Amino acid sequence: MAAPAATGTAEATPARRSRRLPVRAPDALVVAGYLALAVLLTVGQWGRPGRLFHQAGDQILFEWMLARAARAVTRLENPLYSAELNAPDGVNLMANTSVLGLGVPLTPVTLLFGSQVAFLVAVVCCLAGTATAWYALLRHRLVDSRAAAAVGGLFCGFAPGMVAQAGAHLHMAAQFLVPVILALVFHPDPRRVRRHGTLLGLLVAYQVFLGEEVAFFLVLAAGTFALAYVAADRATARRLAPALLGRLAIGVAVALPLLAYPLWFQFFGPGHYRGMPFHAYGYQLDAASFTASARQTVLGDDHLPGLLAPNPTEENSFFGPGLLVLAVVIVIWLWRRPLVRALAACGLLFALLSLGEQVRLDGTSTGIPGPYRLVAELPLLDHAVPARFPLVCVPVLGILLALSLDRLRPEAGAGRLRPGAGAGAEARVGAVPVRLLWGGAVAAALLPLIPTPIRTVPAWPVPAFVAEGGWRAHVPPGRTLVPVPPVTGAGVSPAMLWSARTGLAFPAPGGYFIGPRAADDPTARWGAPDRPTAALLRRVAETGEVPVITDEHRRQAVEDLRHWRAALVVQGGLHHGHPVRRTVDALLGPGREVAGAHVWDVRPLVG
């Protein structure tokens with residue numbers, strides 16, 4: 001999801017721009033800097049199992065997905081489906097954000113160090129890897145200045161929207177293949193079409209297993225950019241079109257067979273669903289968000305972003321006024337370049353789409369219809385979250401920054417005189433005062449966007465009774481351990497956290513995922529349909545109020561436990577732990593304290 005770089009234009013000779021650049025010590029230092037920054041942003045969790053990033057439910061989901069991928073690899077199980085969650089019905093993982101493209105290669109990390117470390121490694125790889133990939137593309141194709149490429153890569157990997165997504169949505173932060181895919185699609189060399197097309201197909205297939213949403217945005221952005229470039233430079237576009245179309249055709253021919261079964265499984269396999277459990281158009285951004293500061297920046301606060309974005313993970317447009325002004329200046333300055341005009345058109349379109357069906361300003365509807373309403377009902381686009389469209393603007397701005405900084409090199413003026421411009425005029429562009437002035441302006445625009453460590457929140461630890469395996473003697477094969485409360489909706493699920501942190505040692509009911517409303521109704525919903533006992537215990541956990549328990553409640557509890565095939569009910573740490581324990585005692589009889597947990601052996605009740 002990035003505006004691609006047109007690299008075969010008259011302004012950049014393919015022979016010069018396509019040269020292979022050896023990795024040198026300065027390049028290694030740039031990459032090391034990206035890695036160090038990514039580690040710094042995750043510092044709040046390393047070695048702290050009792051902390052989760054602020055969107056705790058999302059982290060638990062991805063920890064579980066990483067643990068499930070490791071299990072699928074080591075036990076040679078179907079990676080597209082799992083019965084270890086939502087017992088006894090299971091979950092269609094291909095229809096959820098299973099991030100197999102991260103989980104499979106991270107299997108050794110997950111097995112050796114656990115799901116939390118694997119998740120943090122994934123976050124670091126997504127942020128630093130995306131920055132590195134854009135740095136390589138910029139340095140290899142678009143700019144000669146290493147510093148310009150480093151700044152562009154830094155912004156592409158660590159913009160506020162990228163940091164916001166990384167703390168919760170691995171499938172949105174995993175964009176390190178995007179620059180590589182774009183480099184193949186818009187390759188300036190008309191030769192090696194078959195080779196580049198084959199690589200393109202393989203990488204697109206892999207991107208689907210990283211995140212289908214990013215793959216979809218990438219297709220939209222690349223198509224938009226290509227059309228804009230055709231309008232900006234028809235002659236060059238006509239010259240490059242045959243090779244580009246050939247690569248695309250071969251890429252499709254390679255990717256489709258690889259994706260055919262997984263996509264069939266996603267849309268027609270067990271646990272598939274139709275639609276989404278939320279209205280995508282409700283997740284739009286406020287127009288004022290583009291000039292505001294995100295929470296995870298040095299100037300951010302918790303109040304204003306909450307008014308301008310649907311939630312903390314969707315602060316994708318918070319670029320600040322300085323950067324937007326610079327972007328306008330760059331576009332005007334470099335307007336003669338078709339690449340710049342196409343980038344500007346692409347970025348502007350996706351920024352406008354993020355405003356939703358009706359534009360809001362400072363939290364108030366303006367009554368002005370947004371362009372999103374023109375595409376809101378189109379297939380696939382009706383599932384796209386408008387608030388995420390500005391993620392396309394991130395690399396657009398990163399490329400523009402790199403182009404402008406590269407333009408200020410002392411030797412950048414050679415051979416690039418504007419028609420009618422004298423040598424003296426060109427020299428002034430690269431003069432030291434101008435370079436310092438522009439460099440200072442870029443620094444002033446980017447400094448307020450410096451990211452801060454991703455915020456964490458406390459989490460109840462996995463009880464020792466569960467973590468150390470004390471439950472194993474009480475849960476025979478085919479039976480489940482039911483954590484309290486057994487969350488089956490979109491809430492934070494102790495079942496998923498315990499399952500992930502123990503390597504999916506036991507099947508658990510409920511969970512945080514998207515599934516069908518019922519076996520005969522594929523309409524999407526969060527989690528499994530609520531069982532009455534689950535809803536009852538969740539209310540107690542949320543309110544701390546103990547209800548009057550009747551025989552009907554007890555009969556229903558036994559029926560629900562039989563549905564879950566329960567052997568044990570286990571309560572760990574809860575904010576309203578005492579009221580919940582009293583309620584479960586009233587439902588099932590007295591439990592007992594064992595190794596940091598309260599345990600009820602329900603085998604005599606359920607048979």
Side-chain angles (χ1 to χ4, degrees), residues 49 52 57-123 125-126 170-171 174 206 208-211 261-262 265-266 269-272 462-463 465-472 474-483 486-487 493-515 527-528 564-568 570:
L52 296 171
D58 288 309
Q59 176 172 341
I60 292 171
L61 166 68
F62 284 105
E63 280 198 41
W64 191 91
M65 291 297 184
L66 294 172
R68 177 63 181 86
R71 178 188 173 103
V73 170
T74 55
R75 301 194 182 186
L76 300 180
E77 296 177 349
N78 181 3
L80 309 181
Y81 177 83
S82 178
E84 282 74 44
L85 195 65
N86 189 33
D89 300 315
V91 178
N92 187 323
L93 301 182
M94 190 63 196
N96 285 269
T97 52
S98 53
V99 290
L100 288 169
L102 291 171
V104 171
L106 284 175
T107 291
V109 177
T110 307
L111 296 177
L112 289 173
F113 304 105
S115 63
Q116 183 186 28
V117 171
F119 175 79
L120 294 175
V121 170
V123 172
C125 289
C126 288
L170 288 182
H171 65 300
Y206 198 89
V208 168
F209 291 106
L210 287 172
Y261 178 72
F265 196 94
Q266 175 178 346
H272 72 276
V462 181
F465 176 72
V466 175
E468 297 172 4
W471 56 272
R472 294 181 184 276
H474 310 280
V475 181
R479 303 293 286 274
T480 65
L481 182 156
V482 178
V487 177
S493 173
M496 288 190 76
L497 182 61
W498 298 0
S499 178
R501 297 279 171 96
T502 58
L504 277 64
F506 56 88
Y512 179 34
F513 61 94
I514 302 178
W564 292 321
R565 301 174 186 172
L568 281 183
V570 180

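Sequence positions, counted from 1, serve as the residue numbers for this chain. Note: hydrogens, waters and symmetry copies are ignored here, and every other heavy atom, side chains too, is used. Only a predicted model underlies this, so the values are computations on that prediction, with no experimental measurement involved.
- In plain terms, the two heavy atoms of A567 and P476 that are nearest each other are CB-CD, 4.0 Å.
- For the pair P509 and L481, the tightest heavy-atom approach, listed with the atom from each and the gap, is CD-O, 3.6 Å.
- Proximity of the aromatic rings of W471 and F465 is defined here by a centroid distance below 6.0 angstrom, and this criterion is not met.
- Between atom CG of residue L170 and atom CG of residue D58 there is a gap of 9.5 Å, rounded to the nearest 0.5 Å.
- A donor-acceptor distance shorter than 3.5 angstrom exists from the side chain of N78 to the backbone of L80, with no hydrogens or angles considered.
- T110 approaches A118 most closely through the heavy-atom pair OG1-CB, 3.2 Å.
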- Can you check side chain to side chain contact (heavy atoms under 4.5 Å, CB included) on L61 and T97, steps first, answer last? CA-CA 9 Å; L61 166 68; T97 52; 3.8 Å; yes
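- N92 contributes a side-chain N or O that, together with a main-chain N or O of F265, makes up a donor-acceptor pair within less than 3.5 Å.
- F119 contributes atom CZ, which lies 8.5 Å from atom CG of L52 (distance to the nearest 0.5 angstrom).
- Listed for the S98 side chain is no donor-acceptor partner under 3.5 Å among the backbone atoms of M94.
- Side-chain contact between Q266 and H272 is absent, with no heavy-atom pair separated by less than 4.5 Å.
- Within the structure, salt bridge (Lys or Arg N to Asp or Glu O under 4.0 Å) contacts touching residues 82-110 (residues at least two apart or in different chains) are R68-E84, R71-E84.
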- Query: side chain to side chain contact (heavy atoms under 4.5 Å, CB included) between V109 and V117: does it pass, once the steps are laid out?
  - Reply: CA-CA 7 Å; V109 177; V117 171; 4.1 Å; yes
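- Considering CG of L120 and CD of Q59, their distance stands at 6.5 Å, rounded to 0.5 Å.
- Checked by atom type and distance alone, the side chain of R565 never pairs as donor or acceptor with a backbone atom of T480 at under 3.5 Å.
- Of the possible donor and acceptor atoms, one in the side chain of N96 sits under 3.5 Å from a partner among the backbone N and O of I514.
- Contact check for L106 versus V121: side-chain heavy atoms found under the 4.5 Å cut-off.
- Less than 6.0 angstrom separates the ring centroid of H171 from the ring centroid of F62.
- For the residue pair S115 and W64, no side-chain donor N or O sits within less than 3.5 Å of a side-chain acceptor on the partner.
- Side chain of R501 to main chain of P49: a donor-acceptor pair is present (N/O by atom type, distance under 3.5 Å, no hydrogens or angles).
- The distance from atom CG of L85 to atom CZ of F513, rounded to the nearest 0.5 Å, is 6.0 Å.
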- Verdict with supporting geometry, Y81 and V91, side chain to side chain contact (heavy atoms under 4.5 Å, CB included): CA-CA 6 Å; Y81 177 83; V91 178; 5.9 Å; no
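- In this structure, the separation between OG on S499 and CD1 on I60 is 11.5 Å, given to the nearest 0.5 Å.
- Among residues two or more places apart in sequence or in another chain, the ring-ring contact (aromatic ring centres under 6.0 Å, His included) test is passed with F209 by none.
- Under the side chain to side chain contact (heavy atoms under 4.5 Å, CB included) criterion, Y206 pairs with P105, L177, L210, not counting sequence neighbours.
- Scanning all heavy atoms of the two residues, the minimum distance from A174 to L102 falls at CB-CD1, 4.4 Å.
- Taking every heavy atom of both residues into account, G57 and Y512 meet most closely at O-CD2, 3.3 Å.
- The shortest distance between side-chain heavy atoms of L111 and T74 falls below 4.5 Å.
- Of all non-hydrogen atoms in R472 and A505, the two that sit nearest each other are NH2-CB, 3.7 Å.
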